[in-house]
Amino acid sequence: MPDMLNIALPKGRLGELVYSLFDAAGFPCPSILNPGRRLIFENEEAGVRYFWVKPSDVTVYVERGAADIGVAGRDILLEYEPDVYELSDLGIGKCRMAVAAPADFRDDPRRTLRVATKFRHIAETYYASRGREIDIIHLNGSIEIAPIVGLSDVIVDIVETGSTLRENNLAVYETIFPISARLIANKSSHKFKNEAISRLVREIAGGRT
Ligand code: PRP
């Protein structure tokens, strides 16, 4: 019997895409398609147990070994810098981290820049590298509202299609880095369940070529 792999999937659209990739690679768990309110799904035969977790919590499960592997966006990995292995770039969930502002925004270097974001560490690192003094306004969502109502000058947030920005009269001011979904592994699981994890990585890569 192969090792059972515990897999943390990010709840939502990205997680569903990731599950179809795993399913196609030979790690199906059909009960996940009829979830009701359940959050854990197991297919003993395929050797997988999936959990749906909040996208920003995937790294917590994997770092502490409650999940052997998981899928997280590059944004989450750069924000929280978890102590995990990054095994591969799944090439899905593509978007970018950007600074956005009202179209007529001009940065005045004499003033502290007020930056609204969910990604405090990313924003601090980015502006520190440019020697720009900022004041972080930490929000948990709907960041686009901040510059409209005068809470901030700019936002640092994820841009995918750009429609949230457009519909709120904002525009990308600078791109910080591109994002895609990464397969990550717990360090000790990677050692002790190496065969099962390597097989999964191989099958997933095979399914995409
Ligand atoms: C993300 C991000 C933007 C939006 C970008 O929000 O924070 O608001 O998606 O996508 P777009 O460029 O395709 O419009 P999310 O849906 O995760 O919600 P929240 O940040 O408001 O919680």
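Counting starts at 1 for both ligands and their atoms, in listed order.
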Exercise for the section: Give a yes-or-no answer on whether the side chains of D135 and T112 include a donor-acceptor pair shorter than 3.5 Å. Expected result: no

Exercise for the section: Check I158, I136, L78, I176 against F119 for a side-chain contact (heavy atoms from CB on, under 4.5 Å) and give me the one that passes. Expected result: I158

Practice task
Determine which pairs satisfy salt bridge (charged side-chain N to carboxylate O under 4.0 Å, His left out) with at least one residue from residues 51-80, sequence neighbours left out, and list them in order.
Solution key: D68-K193

Fill in the blank from the handout: So the ring pair (Phe, Tyr, Trp, His ring centres under 6.0 Å) pairs with at least one residue in residues 8-28 (sequence neighbours excluded) are Y19-Y50

Acceptor/donor pairs from residues 146-155 side chains to any protein atom, 3.5 angstrom cut, sequence neighbours excluded:
unit_1: S152; atom_1: OG; unit_2: V154; atom_2: O; d: 2.9
unit_1: D153; atom_1: OD1; unit_2: R114; atom_2: NH2; d: 3.0
unit_1: D153; atom_1: OD2; unit_2: R114; atom_2: N; d: 2.8
unit_1: D153; atom_1: OD2; unit_2: R114; atom_2: NE; d: 3.4

Practice task
Could you pull out the closest heavy-atom pair between S188 and N186, with the gap in Å?
Solution key: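 Result for this residue pair: N-OD1, 3.0 Å.
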
Practice task
Enumerate the protein residues lying less than 4.0 Å from ligand 1, judged by heavy-atom distances, in chain and residue-number order.
Solution key: K118, G141, S142, E144, D157, I158, V159, E160, T161, G162, S163, T164

